[in-house]
Visitor: 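Let me begin by handing over the structure; questions about it come next.
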Amino acid sequence: MESDIGFEAALEEARKGDIEGGVPIGAALVSSDGRVLGRGHNMRIQKGSATLHAEISALENAGRLPAATYRGATMYTTLSPCDMCTGACVMYKIKRVVIGENKTFVGGEDYLKHKGIDVVVLQNAECEDLMKKFIKEKPGDWNEDIGEEST
């Protein structure tokens with residue numbers, strides 16, 4: 001497993017989301033010199049939000065930054081990013097996306113690569129375990145957002 005301040009921050013955020021009863025996905029935006037610019041976790045359940053995914057939360061908490069800062073940054077996320085979060089990384093020209101795991105869900109990784117963004121998948125067991133637990137305990141909450149609609 002990659003030992004990195006950004007990944008650790010994202011994992012801490014995922015744990016917070018779990019404790020709060022939300023979707024346990026965390027993210028952190030880290031500058032090219034290793035500073036955590038913003039971090040956050042999925043707040044869709046806690047705030048009744050349709051768009052407050054972990055990566056969006058991290059970007060929001062980073063505040064408005066110069067374009068060059070995004071171009072050198074890495075987005076750490078505990079789960080493969082959905083289309084919305086993939087789009088945000090592409091829009092801000094984030095240099096690298098480090099993903100905790102993609103066994104639970106594979107998002108826009110191919111599109112990120114197509115747009116020249118470096119993608120690293122860690123297959124971290126704790127990230128996967130957090131998602132497995134959430135999906136088992138709250139399948140309806142998972143299915144209404146990113147999962148498959150059950151019939």
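Below, all heavy atoms of this structure are taken into account, side chains as well, without hydrogens, waters or symmetry copies.
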Visitor: Suppose we screen for salt bridge (charged side-chain N to carboxylate O under 4.0 Å, His left out). Which residues come up paired with Asp129, at least two apart in sequence or across chains?
Guide: none

Visitor: Does any part of the side chain of Trp142, heavy atoms only, come nearer than 4.5 Å to the side chain of Thr104, both counted from C-beta?
Guide: yes

Visitor: For Gly26, is there any backbone N or O sitting under 3.5 Å from a side-chain donor or acceptor partner on Thr78?
Guide: yes

Visitor: Please identify each residue that fulfils side-chain hydrogen bond (donor to acceptor under 3.5 Å, both in side chains) with Ser32, with sequence neighbours left out.
Guide: none

Visitor: Identify the two heavy atoms, one from Ala28 and one from Gly6, that lie closest to each other, and give their separation to 0.1 Å.
Guide: CB-O, 3.6 Å

Visitor: May I ask you to test the His53-Met43 pair for a side-chain heavy-atom distance under 4.5 Å?
Guide: no

Visitor: Looking at every non-hydrogen atom in both residues, tell me the closest pair between Arg44 and Ser49 and how far apart they are.
Guide: CG-O, 2.6 Å

Visitor: By ring-ring contact (aromatic ring centres under 6.0 Å, His included), which residues pair with Tyr92, not counting sequence neighbours?
Guide: Tyr70

Visitor: Mind checking what makes side chain to side chain contact (heavy atoms under 4.5 Å, CB included) contact with Leu37, not counting sequence neighbours?
Guide: Leu29, Ser31, Arg35, Ala62, Leu65, Thr69

Visitor: In Å and rounded to the nearest 0.5 Å, what is the CG to SG distance from Leu122 to Cys127?
Guide: 7.5 Å

Visitor: Can you name the residues that form a side chain to side chain contact (heavy atoms under 4.5 Å, CB included) with Asp83, not counting sequence neighbours?
Guide: none

Visitor: Taking the side chain as C-beta and beyond, is there a heavy-atom pair between Val98 and Asp4 under 4.5 Å?
Guide: no

Visitor: To check you understand the geometry: which heavy-atom pair defines the closest contact between Cys85 and Ile56, and what is its length?
Guide: SG-CG1, 4.0 Å

Visitor: If you define the side chain from C-beta out and look only at heavy atoms, does anything of Asn42 sit under 4.5 Å from Pro24?
Guide: no

Visitor: Test of understanding: with side-chain hydrogen bond (donor to acceptor under 3.5 Å, both in side chains), list the residues that count as partners of Asn102, not counting sequence neighbours.
Guide: Glu109, Gln123

Visitor: Answer yes if the side chains of His41 and Glu20 hold a donor-acceptor pair under 3.5 Å, and no otherwise.
Guide: yes

Visitor: For Leu79 and Met131, what are the C-alpha separation, side-chain angles and deciding distance, and is it a side-chain contact (heavy atoms from CB on, under 4.5 Å)?
Guide: CA-CA 9 Å; Leu79 183 66; Met131 290 308 302; 4.1 Å; yes

Visitor: List the residues meeting side-chain hydrogen bond (donor to acceptor under 3.5 Å, both in side chains) with Lys95, not counting sequence neighbours, and say none if there are none.
Guide: none

Visitor: Atom CG of Leu52 and atom CD1 of Ile45: how far apart are they, to the nearest 0.5 Å?
Guide: 12.0 Å

Visitor: Does any non-hydrogen side-chain atom of Ser57 lie less than 4.5 Å from one of Asn61?
Guide: yes

Visitor: Give, for atom CD of Glu101 and atom CD of Glu128, the distance between the pair rounded to the nearest 0.5 Å.
Guide: 5.0 Å

Visitor: Give a yes or no on whether Tyr111 and Val121 share a hydrophobic cluster (residues Ile, Leu, Val, Met, Phe, Trp, Tyr; joining criterion: side-chain heavy atoms under 4.5 Å apart).
Guide: yes

Visitor: Is there a side-chain contact between Ile135 and Lys138 in this structure, where contact means two heavy atoms from C-beta onward sitting under 4.5 Å apart?
Guide: no

Visitor: What's the spacing between Cys89 SG and Leu59 CG if we round to 0.5 Å?
Guide: 6.5 Å

Visitor: How many angstroms lie between CG in Asn124 and CG in Leu11, if you round to the nearest 0.5 Å?
Guide: 6.0 Å

Visitor: What distance separates Lys113 NZ from Ile117 CD1, expressed to the nearest 0.5 Å?
Guide: 12.0 Å

Visitor: Who passes side-chain hydrogen bond (donor to acceptor under 3.5 Å, both in side chains) against Thr77, sequence neighbours left out?
Guide: Glu55

Visitor: Do Asp110 and Leu112 come within less than 4.5 Å of each other through their side chains, counting heavy atoms only?
Guide: no

Visitor: Starting from Ile5, can I reach Tyr76 by hopping between I/L/V/M/F/W/Y residues whose side chains sit under 4.5 Å apart?
Guide: yes

Visitor: Got a sec, which residues hit salt bridge (charged side-chain N to carboxylate O under 4.0 Å, His left out) with Glu60, two or more places apart in sequence or on another chain?
Guide: none

Visitor: How about Met84 and Thr51: do any of their side-chain heavy atoms sit closer than 4.5 Å?
Guide: yes

Visitor: Tell me every residue that passes salt bridge (charged side-chain N to carboxylate O under 4.0 Å, His left out) with Arg71, counting only those two or more places apart in sequence or in another chain.
Guide: none

Visitor: Run the side chain to side chain contact (heavy atoms under 4.5 Å, CB included) test against Met91 and tell me which residues pass, sequence neighbours left out.
Guide: none

Visitor: Would you say Val30 and Ile99 are hydrophobically clustered, going by side-chain heavy atoms of ILVMFWY under 4.5 Å?
Guide: no

Visitor: Determine, step by step, whether Asn143 and Asp141 satisfy the side-chain contact (heavy atoms from CB on, under 4.5 Å) criterion, reporting the C-alpha distance in whole Å, the side-chain angles of both residues, the deciding distance to 0.1 Å, and the verdict.
Guide: CA-CA 6 Å; Asn143 287 329; Asp141 289 331; over 6 Å; no

Visitor: Under the salt bridge (charged side-chain N to carboxylate O under 4.0 Å, His left out) rule, collect the residues that match up with Glu137, sequence neighbours excluded.
Guide: Lys133

Visitor: Determine, for Glu13 against Lys16, whether the closest basic-nitrogen to carboxylate-oxygen distance falls under 4.0 angstrom.
Guide: yes

